[in-house]
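For reference, the structure is listed below as structure tokens.
Source: prediction; values computed, not measured. Residues: numbered from 1 along the sequence shown.
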Amino acid sequence: MLKHLTIHNYALITDLDITFESGFSVITGETGAGKSIILGALALLMGARADIAAITEGEQKCVIEGEFDLTNYGLESLFEEAEIDYSSSCIIRRELLSSGKSRSFVNDTPITLAVLKSLASKLIDIHSQHQNLLLSEEGFCLGIIDSLAENQDIAESYSKAYQAYRETENE
């Protein structure tokens with residue numbers, strides 16, 4: 001769950017701090033209020049292609065940072081594979097430099113864009129008007145149900161047992 005979002009020097013945003021409470025969050029506002037800019041920053045945090053034109057004019061870099069509560073997400077193995085220290089509280093940061101370079105970090109550990117995309121896809125699902133991409137994926141819906149029911153241990157146990165069954169069947 002996204003707990004906090006910080007944006008510095010992105011497009012028209014000089015400094016923005018948003019704290020999200022648990023539960024359903026919606027970003028609303030009139031046309032021109034800046035909703036699309038915030039969504040653009042979130043997309044950058046999720047690994048979208050970086051464009052130096054997004055840096056506020058006259059600045060050397062922009063930084064988008066999100067703090068997430070990973071409790072009940074079952075992402076320990078993803079962190080292990082990426083050789084990142086796991087913590088139930090996670091900070092993802094993306095920096096875009098005026099030189100055109102982009103850097104990504106999880107808990108201050110540098111990561112590749114592929115790792116960022118993999119992790120972010122499990123943490124953020126943006127639903128804009130007429131868009132509900134992940135809701136059509138069976139695995140995503142089951143993950144939400146397991147998370148809400150706090151069934152991570154049961155789901156993981158089942159997954160291991162099923163994998164052992166498939167290996168035995170193949171033998």
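Once rounded to the nearest 0.5 Å, the distance linking CG of Leu2 with OG of Ser22 reads 12.5 Å. Separating the CZ atom in Arg166 from the CD atom in Glu169 is a distance of 5.0 Å, to the nearest 0.5 Å.
Side-chain contact between Ser99 and Gln60 is absent, with no heavy-atom pair separated by less than 4.5 Å. Contact check for Leu5 versus Asp17: no side-chain heavy atoms found under the 4.5 Å cut-off. Put simply, the side chain of Leu70 reaches to within 4.5 Å of the side chain of Leu123, judged on heavy atoms. Side-chain contact between Leu42 and Ile124 is present, with at least one heavy-atom pair separated by less than 4.5 Å. With contacts defined as side-chain heavy-atom distances shorter than 4.5 Å, the pair Leu44/Tyr10 qualifies. Counting heavy atoms from C-beta on, the side chains of Leu75 and Leu119 come closer than 4.5 Å. Looking at heavy atoms from C-beta onward, Cys62 lies out of side-chain contact with Glu95 at the 4.5 angstrom threshold. Val63 places none of its side-chain heavy atoms less than 4.5 Å from the side chain of Arg94.
Evaluation of the side-chain contact (heavy atoms from CB on, under 4.5 Å) rule for Thr14 yields Asn9 as partners, not counting sequence neighbours. With sequence neighbours excluded, the residues forming a side chain to side chain donor-acceptor pair (under 3.5 Å) with Thr19 are His4, listed by chain and number.
Counted within 6.0 Å of NZ on Lys35, heavy atoms from surrounding residues, nucleotides or ligands total more than 12; the atom is thus considered enclosed. Asp15 CG: more than 12 foreign heavy atoms inside a 6.0 Å radius. In this structure, Glu59 places its CD atom where more than 12 heavy-atom neighbours from other residues, nucleotides or ligands lie under 6.0 Å away. Taking a 6.0 Å sphere around CD of Glu83, one finds it holds 12 or fewer heavy atoms contributed by other residues, nucleotides or ligands.
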Run the side-chain donor-acceptor check on residues 104-118: report pairs under 3.5 Å with partners two or more places apart or on a different chain.
{"from": "Asn107", "atom 1": "OD1", "to": "Ile91", "atom 2": "N", "distance (Å)": "2.8"}
{"from": "Asp108", "atom 1": "OD1", "to": "Arg93", "atom 2": "NH1", "distance (Å)": "2.8"}
{"from": "Thr112", "atom 1": "OG1", "to": "Val115", "atom 2": "N", "distance (Å)": "3.2"}

#### Entry: Verdict with reasoning, Lys61 to Lys101, per side chain to side chain contact (heavy atoms under 4.5 Å, CB included)
CA-CA 10 Å; Lys61 72 177 180 178; Lys101 292 184 179 179; over 6 Å; no
### Task
Mind running side chain to side chain contact (heavy atoms under 4.5 Å, CB included) on Ile13 and Ile37 for me, showing each step along the way?
CA-CA 8 Å; Ile13 299 173; Ile37 295 173; 3.4 Å; yes
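Ile55 and Ile7 are members of different hydrophobic clusters when ILVMFWY side chains are connected at heavy-atom separations under 4.5 Å. A chain of hydrophobic side-chain contacts below 4.5 Å, direct or via other Ile, Leu, Val, Met, Phe, Trp or Tyr residues, connects Ile38 to Ile64.
With side-chain heavy atoms closer than 4.5 Å counting as contact, directly or through intermediates, Leu97 stands alone and belongs to no larger hydrophobic cluster. Here Tyr158 sits in one hydrophobic cluster together with Tyr162, Tyr165; the rule is ILVMFWY side chains under 4.5 Å apart, joined directly or through other members.
Nearest heavy-atom pair, Lys122 versus Leu78, reported as atom, atom and distance to 0.1 Å: CE-CD1, 4.1 Å.
Each ring pair (Phe, Tyr, Trp, His ring centres under 6.0 Å) pair with one or both residues in residues 37-84, not counting sequence neighbours, appears once here: Phe79-Tyr86.
Formation of a donor-acceptor pair under 3.5 Å by the Thr168 side chain with backbone atoms of Ala164 is found in this model.
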